[in-house]
Every structure is written in C-alpha cells, then in structure tokens.
There are 2 protein chains.
Amino acid sequence: MPRGSLNFRHLILGMLAQQSMSGYDIRGALEGLSWPSGTPSFGNIYSTLHALLNDGLVTVEVVPQQDKPTRKVYSVTKAGEQMLQELSTQSVTSGASLKSFTMCLIVADVFSRDTLIAYLQQRRDQVIAHRTTLEETTRTLDQEKAPRRRLAAEYGLTLANAELTWLDSTLDRIYQQSRRSIELPA
Amino acid sequence: MPRGSLNFRHLILGMLAQQSMSGYDIRGALEGLSWPSGTPSFGNIYSTLHALLNDGLVTVEVVPQQDKPTRKVYSVTKAGEQMLQELSTQSVTSGASLKSFTMCLIVADVFSRDTLIAYLQQRRDQVIAHRTTLEETTRTLDQEKAPRRRLAAEYGLTLANAELTWLDSTLDRIYQQSRRSIELPA
DNA sequence: AAGCGCATGTAAAAGGTTACATGATTAC
DNA sequence: GTAATCATGTAACCTTTTACATGCGCTT
C-alpha cells in the first residue's frame with residue numbers, strides 16, 4: 001500500500017460519509033460504479049465495516065424491517081470525518097492503479113477541489129506515459145506479421161485514448177466550475 | 001478462481017510459448033501490455049516461474065552474459081504445451097474480470113479461433129450488461145444536483161463504450177479472417 | 001563513490017475471494 | 001416446492017505486493 005494511496009477502508013468510509021448505508025447497500029452501489037476495477041465481495045465489505053466500527057470511525061444502528069431481515073445501517077463518526085478530512089487535503093503520492101483511481105472517483109465528494117484536480121492530473125500523466133509505451137510496443141509488433149500479438153496492445157491503446165478524452169473534458173469542466181465560483185462573488 | 005478462468009500461471013506459460021524468456025523479460029513485456037489490469041511484481045513472476053519449473057511445465061537454461069548478470073531463460077516443455085492445448089479448446093466459463101480478459105488477449109496466440117471468439121463475445125455481453133447498469137445509475141444520479149457523484153458512473157460509461165467499439169471491430173476482423181481462409185481453399 | 005540498470009531470489013504481510021452457515025419473505 | 005431477493009457473518013484459502021537481500025558493470 002503506497003503512502004497516500006486510497007485503500008478499501010477509505011472507500012467504505014467515504015461512501016458512508018456521502019450517505020449512511022448497510023453493507024448490503026454498499027455492495028449494491030459498488031456493483032453499479034466500481035465496474036472497471038471489479039465489484040468487491042461481501043466478505044471484504046462486512047469485515048471492513050467491522051474493522052471501521054472497531055476503530056471508532058463508524059457507528060451502527062440496527063434497523064428492523066417488516067417483511068425483510070434486519071439491516072445494520074452504518075454512519076461515520078466525528079473521528080471518521082476527521083480521518084477523511086486529513087485524506088482530503090493530503091498530497092497525492094499514490095501509485096494510482098485503475099482500482100485506486102476508480103475508488104477516488106467514487107468518493108470524489110470527500111476531496112477538496114484541489115486534491116481532486118491533483119488526482120485527475122496525476123492519472124492523466126500516467127495514462128499518457130502508458131500510451132507512449134503502448135505505441136512503441138505496437139510499432140515493434142507491426143514489423144511481425146502475427147496479428148494476434150497486437151490485440152492486447154490495441155486494446156490498451158483504445159482504453160487509454162478513451163480515458164484521456166474523458167480526463168481532459170472532466171478537468172475542463174472542473175476548471176470552469178472554479179472560474180464560475182470565482183467570478184460570481186466578484 | 002472460477003473454473004475455466006485464466007490465472008497468472010497460464011499467462012506466464014502462454015507468454016513463454018510465444019517466446020522463451022527470462023523473468024526480467026516477462027516483466028518488461030507485461031509492463032507494455034498489461035496496463036489496464038496493472039503490471040505484476042517480480043515477486044509474483046519469479047515464484048510463478050519456480051512453480052512451473054517444479055511442475056515440469058517449463059525448463060530453464062542458464063545464459064551467462066558478458067557485461068551483464070547471468071540470465072535464466074525459460075522454455076515450455078511438452079507437458080506445458082499439452083496444458084495450453086487443453087486450455088485452448090476448453091469451454092469458457094470465466095467470471096471474466098478485466099484482469100482475466102487482459103491476460104486472455106496477451107496470450108491470444110495459444111487459443112483456437114473459436115475459443116478466442118467465445119472469449120471476446122462473452123466479454124462483450126458482460127460489458128453491455130455493465131453499461132446498462134451504469135446508464136440506470138446515471139439516470140438516478142441526474143435527478144440530484146451533485147455533479148461529483150456522477151464522475152465514477154461517467155468514467156465507467158466512457159470506458160465501457162470504448163471497449164465495446166473495440167470488441168465489435170475486433171470480432172468483425174476475426175470473422176473476416178475466417179471467411180477468407182474458408183473461401184481460399186474453395 | 002554514488003547511483004542506476006540489469007538480474008535474481010525469498011519471506012512476511014496485506015489484500016481479497018470463496019465457501020459456508022443462517023434465516024425470513026415473496027413470486028412462480 | 002423451489003428459486004430469488006434480502007441480509008449478515010466467519011474462516012479458510014489463495015493471490016499478490018512489499019520489503020528485503022545479493023551482486024555486477026557502467027556512467028557521472
């Protein structure tokens with residue numbers, strides 16, 4: 001776990017900060033959002049929740065339901081909020097894998113604008129670097145006549161280009177929002 | 001590890017089948033190709049190599065170099081080729097994560113055309129399903145005014161659409177290749 | 001002489017999934 | 001009756017990374 005990088009605990013805590021939920025709810029939300037990095041298992045979610053509870057970062061409320069099993073709704077405590085606050089302003093030194101970046105986007109609400117921008121720009125730099133590597137690889141493979149060998153590189157290039165387009169337009173959008181909120185008070 | 005799914009052993013074995021390499025070489029090749037799923041560590045590569053050697057699926061050749069440390073070049077044995085052969089014709093029941101799919105592409109050479117097509121189509125079905133889920137999620141989030149909450153879903157949608165475009169064009173290409181090789185002998 | 005690229009290796013720790021157990025209600 | 005959704009939980013297991021150790025030769 002590289003220093004400054006998001007882990008699963010942060011993800012759960014960040015999601016609970018957006019909205020109090022049960023483990024089952026969290027799983028449902030992640031199924032829709034965390035697709036690129038894979039949906040985590042219940043085993044992981046529940047034990048993370050217990051660990052957070054044990055560390056006093058969240059509290060539980062047992063909610064009996066009619067016609068359905070009892071739910072356990074978790075909410076972030078003040079200690080938990082403080083932990084997120086620290087994360088929010090912390091400098092980004094992550095080795096940003098796709099997983100870690102996806103988590104960052106899911107809990108984007110907990111970051112300050114500057115931290116979010118830093119994350120996006122860092123990801124942008126990394127994707128550009130990878131694209132360069134992939135372009136070199138395809139150039140080498142073009143010499144050979146084996147078309148199958150190029151599949152992985154082409155796949156990577158397609159994803160990299162799509163991601164870069166998204167990152168650029170998203171960064172633009174965020175910059176315009178800052179400009180607007182600066183212009184309005186003026 | 002779902003049955004029928006590719007694991008790291010298969011990846012290494014498949015890469016060695018394409019070309020005999022050292023652990024260091026494998027790492028270099030994967031750095032260029034396996035970007036979306038993350039480049040594996042040396043620790044993983046070397047221990048997998050030792051395990052394959054122990055199971056008689058590969059052999060080593062110690063290659064001393066002048067001016068550089070000695071390399072250990074691994075090659076696939078007949079037993080290893082047989083294992084790949086079985087994998088090649090095996091029906092695909094994988095829970096195809098991005099990781100497993102990327103591995104499949106890297107060793108695409110070892111698959112029969114039908115198996116490769118099955119993998120690509122299976123992935124296509126899964127991505128379409130995920131896209132549907134993501135579209136529903138964005139529809140729900142559009143109601144709210146929180147723009148940050150939509151980031152993860154939009155990101156996923158962008159990647160899903162790019163991947164689908166690639167999958168469709170790649171499947172087309174492969175189909176045309178089969179047609180050509182059927183037409184020629186006729 | 002310090003640092004980097006090459007090259008291999010191991011053990012401990014972290015991370016995560018699978019498989020199981022439980023149990024109620026609804027829909028076919 | 002049997003499958004599906006809802007809902008939680010534990011332990012064993014697998015996978016993978018991290019952090020270390022080693023050592024040569026080239027460059028600054």
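Per chain, numbering begins at 1; letters A, B, ... match sequence-line order. All of these numbers come straight from a predicted model, not from anything done at the bench.
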Between the side chains of [X] and [Y], does any donor sit under 3.5 Å from an acceptor?
| X | Y | value |
| --- | --- | --- |
| A/Asp25 | A/Ser22 | yes |
| B/Ser37 | B/Ser34 | no |
| A/Ser97 | A/Ser100 | no |

Indicate yes or no for a side-chain donor-acceptor contact from B/Arg27 to the backbone of B/Pro40 under 3.5 Å, with no hydrogens or angles considered. yes
Given 3.5 Å as the limit, does a donor-acceptor pair link the side chain of B/Arg123 with the main chain of B/Glu163, or not? no
In whole angstrom, give the distance that lies between atom [atom1] of [X] and atom [atom2] of [N].
| X | N | atom1 | atom2 | result |
| --- | --- | --- | --- | --- |
| A/Arg9 | C/dG15 | CZ | P | 10 Å |
| A/Tyr46 | C/dT18 | OH | C1' | 16 Å |
| B/Lys68 | D/dC26 | NZ | P | 10 Å |
| A/Ile26 | C/dG16 | CD1 | C1' | 16 Å |
| A/Met21 | D/dC6 | CE | P | 14 Å |
| A/Leu6 | C/dG16 | CG | P | 12 Å |
| A/Leu11 | C/dG16 | CG | P | 10 Å |
| A/Arg71 | C/dG23 | CZ | P | 21 Å |

Kindly point out which of [options] is positioned nearest to the side chain of [X]?
| X | options | answer |
| --- | --- | --- |
| B/Pro40 | D/dT17, C/dA7, C/dT17 | D/dT17 |
| A/Asn44 | C/dG16, C/dA7, D/dT8 | C/dG16 |
| A/Lys72 | C/dC6, D/dG9, D/dC6 | D/dG9 |
| B/Lys99 | D/dT16, C/dT17, C/dA7 | D/dT16 |
| B/Tyr24 | C/dC6, D/dT5, D/dT16 | C/dC6 |

With A/Arg71 as the cation and A/Tyr24 as the aromatic partner, state whether NZ or CZ is under 6.0 Å from the six-membered ring centre and within 45° of the axis. no
Is [X] near enough to [N] that one of its side-chain N or O atoms lies under 4.0 angstrom from OP1 or OP2?
| X | N | value |
| --- | --- | --- |
| A/His50 | D/dT10 | yes |
| B/Gln65 | C/dA7 | yes |
| A/Ser47 | D/dT10 | no |

With DNA chain C as reference, determine whether A/Pro69 or A/Phe42 sits nearer its 5' end, using the nearest nucleotide of each. A/Phe42
By nearest heavy atom, map B/Ser22 and A/Thr39 onto DNA chain C; which one lands nearer the 5' end? B/Ser22
Does B/Tyr155 belong to the same Ile/Leu/Val/Met/Phe/Trp/Tyr cluster as A/Tyr175, with side-chain heavy atoms less than 4.5 Å apart forming each link? yes
Identify whether B/Val73 and B/Ile45 are in the same connected component of the hydrophobic contact network (ILVMFWY, side-chain heavy atoms under 4.5 Å). no
Over all strands shown, is B/Thr48 touching base, sugar-phosphate only, or nothing at heavy-atom distances under 4.0 angstrom? nothing
How sharply is the helix from C/dA1-D/dT28 to C/dC28-D/dG1 bent, taking the axes over five pairs at either end and rounding to 10 degrees? 30°
